[in-house]
Amino acid sequence: MRLNAVLASAVWSSAVLVGQVRADAVADAAESATTSSIEKPTFTPSEVKAPFFEQFTDDWESRWSPSHAKKADDKATEEEWAYVGTWAVEEPHVLKGIEGDKGLVVKNPAAHHAISAKFDKALNNKGKTLVVQYEVKLQNGLECGGAYMKLLKDNKALHAEEFSNASPYVIMFGPDKCGSTNKVHFIFKHKNPKTGEYEEKHLKSPPIPRNTKLTALYTLIVKPDQTFEIRVDGESVKTGSLLEDFSPSVNPEKEIDDPKDKKPADWVDEARIADPEATKPEDWDEEAPFEIVDEEATKPEDWLEDEPAFVPDPEAEKPEDWDDEEDGDWVPPTVPNPKCDEVSGCGKWTPPLKKNPAFKGKWTAPFIDNPAYKGVWKPRKIANPDYFEDKTPSNFEPIGAIGFEIWTMQNDILFDNIYVGHSIEDAEKLQKETFDVKYAVEKAEDEATRPKPSEKPKSPMDLKFADDPIHYIREKFDLFLAIAKTDPIEAIRFVPEIAGGIGVIAVTIFSILVGAIFSGGSAAAPQAKAAATKAKETAQDAKAKTAEAVSTGTEKSETEVNKRTTRSSAAASE
């Protein structure tokens with residue numbers, strides 16, 4: 001029953017806040033109806049040419065094939081690693097920038113997705129500049145998942161229906177966010193000319209992606225001089241060298257530690273040692289306590305030694321249902337002795353402790369420089385037998401396809417305007433034709449739907465919970481305290497949501513304490529029972545007053561919403 005009472009109080013308090021939020025939401029809806037629509041251009045296919053260029057026109061299915069293969073992981077179940085996620089090509093439903101402009105959309109949350117498209121002809125980047133550019137629109141945001149692409153290695157085994165995480169790729173590029181990971185990947189696979197094995201090279205200190213519902217543009221440029229540049233929304237955010245800014249490095253060290261070299265048994269690598277000649281002073285007392293009684297302290301003149309620190313509560317009354325035979329002798333609860341509030345203390349006085357000036361603690365010998373120290377031992381260096389030097393890692397292996405192989409908790413991630421080629425100028429031209437146009441429209445529409453600076457709340461009473469919950473609660477709480485200092489009843493009437501929350505917290509804590517006392521079966525249980533009854537009556541009285549105030553506040557909110565709606569309707573009819 002106690003739990004039910006607590007839950008009921010919590011639900012009641014939640015209803016207060018929900019009522020306020022609902023009124024705010026209705027007002028917002030009425031105001032947004034007056035927002036003028038943004039004029040949007042109509043999609044026109046670009047005339048840009050490239051080894052691979054995709055705008056997801058109506059014939060997209062002739063180029064793209066979804067994969068339903070299984071992920072290469074023997075430890076996982078088939079259901080966990082199957083590419084069950086579906087794809088669609090459609091217009092965005094959030095902040096659409098261009099009418100009729102469609103993109104490739106991830107349709108399922110919490111699912112593995114894989115889709116790829118083959119190139120008409122393998123792309124060879126030897127001695128050329130490689131430009132990779134595409135748009136990403138996170139319509140539902142991105143809390144945990146990838147939105148990167150893979151440029152797949154051209155080989156005979158490249159089958160779209162078998163595309164998976166095991167398919168060999170040349171470059172992986174794009175945003176990824178989950179947990180501590182929040183970066184724009186740039187990974188390329190490099191072939192060791194000596195062993196023939198491939199190794200992933202990861203960009204050090206990658207840039208942070210744009211987590212916004214506006215379209216974002218990601219561009220990767222790799223030049224034949226081994227430099228690279230990453231742009232986000234056309235802005236350069238990272239530059240560097242393939243030879244210097246990746247881990248592990250493309251080329252191994254010329255020299256390595258000799259694995260056969262061992263540290264000599266008599267090698268001394270301790271720089272400092274305890275002084276072997278030092279001895280503990282004769283007057284060093286390790287047993288001396290840290291604190292001792294302050295013999296110079298005197299009892300304050302106003303100290304009431306005959307007064308107890310706690311006394312029986314004079315206002316406590318024996319409960320009417322108290323049974324001496326069943327409950328035992330009734331003993332009133334104790335409270336702090338009011339006589340002790342204005343003096344130094346009550347009860348038996350004892351002198352305080354003070355720090356012992358003779359305290360020294362356990363003696364240890366001081367440290368000195370080690371005369372036998374030889375320094376930090378390191379193995380000798382030898383020529384690296386696996387050393388090689390690749391001066392042109394930008395000569396990537398031929399690329400035969402592009403693919404998205406991702407897992408994400410959010411659906412409706414949209415990809416569009418994919419360019420893979422060799423012309424920076426063409427990529428910039430495409431940006432001006434597509435991204436720059438839609439981004440301007442999306443941003444204008446986004447700003448039009450946000451509260452204007454002049455519409456910011458002028459007082460705590462104008463705040464809305466949905467806009468900023470933390471600020472709303474802080475300001476309302478401060479207002480409640482300011483009013484309560486002079487008139488608690490007025491504070492409850494003007495800020496009922498805070499009063500209700502405080503009441504629920506107090507009743508909840510008290511109910512838990514009473515429950516703990518009852519469950520312990522102590523002799524004090526009947527006293528707590530009586531106190532709980534009294535507290536319950538007080539809480540119910542406060543709850544009734546708060547409910548009345550909330551009702552009045554809600555009526556005022558609904559009246560204000562009706563006024564706003566009426567004004568909006570009148571303006572529309574004019």
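Only a predicted model underlies this, so the values are computations on that prediction, with no experimental measurement involved.
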Closest heavy-atom contact between [X] and [Y]?
{"X": "Asp390", "Y": "Leu243", "value": "O-CD2, 3.5 Å"}
{"X": "Pro332", "Y": "Ala316", "value": "CB-CB, 4.2 Å"}
{"X": "Phe228", "Y": "Leu203", "value": "CZ-CD1, 3.4 Å"}
{"X": "Val311", "Y": "Pro336", "value": "CG2-O, 4.5 Å"}
{"X": "Ile273", "Y": "Pro371", "value": "CD1-CD, 4.4 Å"}
{"X": "Ile292", "Y": "Pro357", "value": "CD1-CD, 4.2 Å"}

Side chain proximity check, Pro393 to Asn251, heavy atoms < 4.5 angstrom: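 Side chain of Pro393 against side chain of Asn251, heavy atoms only: no contact under 4.5 Å found.
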Validation row: Asn192, Asp386 side chains within 4.5 angstrom (heavy atoms):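 Heavy-atom side-chain distance check fails, nothing below 4.5 Å.
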Any donor-acceptor N/O pair, [X] side chain to [Y] backbone, under 3.5 Å:
{"X": "Trp303", "Y": "Gly347", "value": "yes"}
{"X": "Glu143", "Y": "Gln410", "value": "no"}
{"X": "Trp284", "Y": "Gly361", "value": "yes"}

Inspect the surroundings of [atom1] in [X] and state if more than 12 heavy atoms from other residues, nucleotides or ligands are less than 6.0 Å away.
{"X": "Glu389", "atom1": "CD", "value": "yes"}
{"X": "Lys339", "atom1": "NZ", "value": "no"}
{"X": "Glu270", "atom1": "CD", "value": "no"}
{"X": "Asp266", "atom1": "CG", "value": "yes"}
{"X": "Glu286", "atom1": "CD", "value": "yes"}
{"X": "Glu253", "atom1": "CD", "value": "no"}
{"X": "Ile382", "atom1": "CD1", "value": "yes"}

Let me confirm one number: the [atom1]-[atom2] distance from [X] to [Y], rounded to the nearest 0.5 Å.
{"X": "Asn182", "Y": "Leu142", "atom1": "CG", "atom2": "CG", "result": "8.5 Å"}
{"X": "Phe290", "Y": "Lys355", "atom1": "CZ", "atom2": "NZ", "result": "5.0 Å"}
{"X": "Phe388", "Y": "Lys254", "atom1": "CZ", "atom2": "NZ", "result": "13.5 Å"}
{"X": "Met409", "Y": "Asn140", "atom1": "CE", "atom2": "CG", "result": "12.0 Å"}
{"X": "Leu242", "Y": "Thr227", "atom1": "CG", "atom2": "OG1", "result": "7.5 Å"}
{"X": "Glu199", "Y": "Thr195", "atom1": "CD", "atom2": "OG1", "result": "9.0 Å"}

Determine, for [X] against [Y], whether the closest basic-nitrogen to carboxylate-oxygen distance falls under 4.0 angstrom.
{"X": "Glu305", "Y": "Lys299", "value": "yes"}
{"X": "Lys213", "Y": "Asp412", "value": "no"}
{"X": "Asp269", "Y": "Lys263", "value": "yes"}

Between Thr239 and Glu229: side-chain donor-acceptor atoms closer than 3.5 Å: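 No donor-acceptor contact under 3.5 Å links the two side chains.
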Glu235: salt bridge (charged side-chain N to carboxylate O under 4.0 Å, His left out) partners, not counting sequence neighbours: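 By the salt bridge (charged side-chain N to carboxylate O under 4.0 Å, His left out) rule, Glu235 matches Arg210.
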Which residues share a ring-ring contact (aromatic ring centres under 6.0 Å, His included) with Phe188, sequence neighbours left out: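 ring-ring contact (aromatic ring centres under 6.0 Å, His included) check on Phe188 returns Phe246, Phe396.
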side-chain hydrogen bond (donor to acceptor under 3.5 Å, both in side chains): pairs with one or both residues in residues 362-371, sequence neighbours excluded: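 Passing the test, one end in residues 362-371: Arg272-Asp369.
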